[in-house]
Number of protein chains: 2
Amino acid sequence: MTDIKAAANPLFLRDEELRQGIELLFFAYRDFTAEGDAILDRYKFGRAHHRVIYFVGRHPMISVSDLLSLLRITKQSLSRVLGQLVREGFILQHPGPRDRRQRLLELTPKGRELENLLTEKQRCRLAAAYRMAGAEAVEGYRNVLLGLIDAPDRLRF
Amino acid sequence: MTDIKAAANPLFLRDEELRQGIELLFFAYRDFTAEGDAILDRYKFGRAHHRVIYFVGRHPMISVSDLLSLLRITKQSLSRVLGQLVREGFILQHPGPRDRRQRLLELTPKGRELENLLTEKQRCRLAAAYRMAGAEAVEGYRNVLLGLIDAPDRLRF
DNA sequence: CTTTTATGTCAGTCATGTTGACATATTACC
DNA sequence: GGTAATATGTCAACATGACTGACATAAAAG
């Protein structure tokens, strides 16, 4: 009559290990995103605006369709958020030089300022975690997360 | 006239490194949660139901207020989701033995079944990422994510 | 016996996602 | 040149899951 928990049951240990890994991801994501939300409230923006500002900042002159596939949302969802950001002067749209149907997106100085404000918090938090964990841990963090990402997008890194 | 990018500018490299870390977390979370959503659709449930089922499964006989502070949502938000799960027979409520105001929560067999179905996918995906990255990487993953979590909840691990 | 606590509920609002249908301008192709 | 495909935008309706605020009940704690 072996106690399934007390015994060094490899399946039990594995399950516990994996559940902890799941929860770490959940809590880390929750706390990592919570900080920026407070700032966004002041602009009457939400997390969706943050994501758009981030990726447009990261990929200047990105096309709408490329942005859509990064975010994995519909154009109708994007258009509400993007429309606000354009109207309020955080993002500029340029006709594509080769394909004039495109609207290539770019941050204005005002947009860059907000992007910096938002991302700086996150960079600080991540930098602190990196420092505490050490360089080797950072490689591990990267490799495990990479393995969680669907193959197509994995190539980005 | 040094090129700020071409030169081995430590600040530039650091920024790029941190942004990659941010994006890895974003994409990993996006893809990690997407899979379960498809299953939940079949039950007419959403991601919120998944979280409740997960944490009740993980902490049998958890009180409502403890669940609330795990999820960091309001009781009004929780009650809709929890109410459905109770009415449809996925979760049982028991009066607390010492404090009878409490409604301690527990999965029914039906709830456990759904929990398993949902979590199994995630465990598999994480296990695959762990295998690919190796044991040392797993430690790094854990330590970095731990550093991203707000101190109070960090103690859980 | 009064207050605090744990929980539930009603009502209204907001942010962000969805589908489906349709419009416009531009490019690509035969 | 004419037609089809593409990139984008827009209107409308709807679902989910957050929120706030107010109020109700039962039990515990003082």
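Naming convention: chains lettered A, B, ... in sequence-line order (proteins, then strands); numbering from 1 in each chain.
Of the candidates D:dA18, D:dC23, D:dA7, the closest approach to any side-chain atom of B:A48 belongs to D:dA18.
Between the side chain of A:R101 and the base of D:dT6, a donor-acceptor pair under 3.5 Å is found. Between the base of C:dG20 and the side chain of A:Q76 there is a donor-acceptor pair shorter than 3.5 Å.
In this entry the distance linking CG of B:L105 with P of C:dT7 reads 8 Å, nearest Å. Rounding to whole angstrom units, CG of residue A:L67 and C1' of D:dA7 are separated by 14 Å. If you measure from atom CG of B:L68 to atom C1' of D:dT20, you get 15 Å, rounded to the nearest angstrom. For the pair A:D41 CG and C:dA15 P, the computed distance is 9 Å after rounding to whole Å. We find that CG of B:L78 is positioned 13 Å from C1' of C:dT9, with the value rounded to whole Å. Across the protein-nucleic acid pair, A:L40 atom CG and C:dC14 atom C1' stand 15 Å apart, rounded to whole Å. Protein atom NE2 of A:H50 is 16 Å distant from nucleotide atom C1' of C:dT16, rounded to whole Å. To the nearest angstrom, P of D:dC14 lies 15 Å from NZ of B:K44.
Residue-environment remark: CD (B:E113) stays at or below the threshold of 12 foreign heavy atoms within 6.0 Å. Sparse packing is recorded around CD of B:E136, with 12 or fewer heavy atoms of other residues, nucleotides or ligands lying under 6.0 Å away.
Tested against A:D150, the residues B:E35, B:R30, B:R125 include a single side-chain contact (heavy atoms from CB on, under 4.5 Å) partner, B:R125.
Map A:K75 and A:F45 each onto its nearest nucleotide of DNA chain C; the residue landing nearer the 5' end is A:F45. Comparing A:T74 and A:P97 along DNA chain C, the residue whose closest nucleotide (by nearest heavy atom) sits nearer the 5' end is A:T74. Nearest-nucleotide positions on DNA chain D place A:L104 closer to the 5' end than the other of A:R80 and A:L104.
In terms of phosphate contacts, A:R103 brings a side-chain nitrogen or oxygen within less than 4.0 Å of OP1 or OP2 of D:dG9. Between C:dT27 and A:R100, a contact under 4.0 Å exists linking OP1 or OP2 to a side-chain N or O. Between C:dT16 and A:H49, a contact under 4.0 Å exists linking OP1 or OP2 to a side-chain N or O. For B:S65 and C:dT5, the shortest distance from a side-chain N or O to OP1 or OP2 is not below 4.0 Å. The phosphate of D:dG9 has OP1 or OP2 within less than 4.0 Å of a side-chain N or O from A:Q93. The phosphate of C:dT18 has OP1 or OP2 within less than 4.0 Å of a side-chain N or O from A:S77.
Across all their heavy atoms, B:A28 and A:L148 have their closest contact at CB-CB, 4.0 Å.
Under 4.0 Å is where a charged nitrogen must lie from a carboxylate oxygen, and between A:D31 and B:R72 at least one such pair does.
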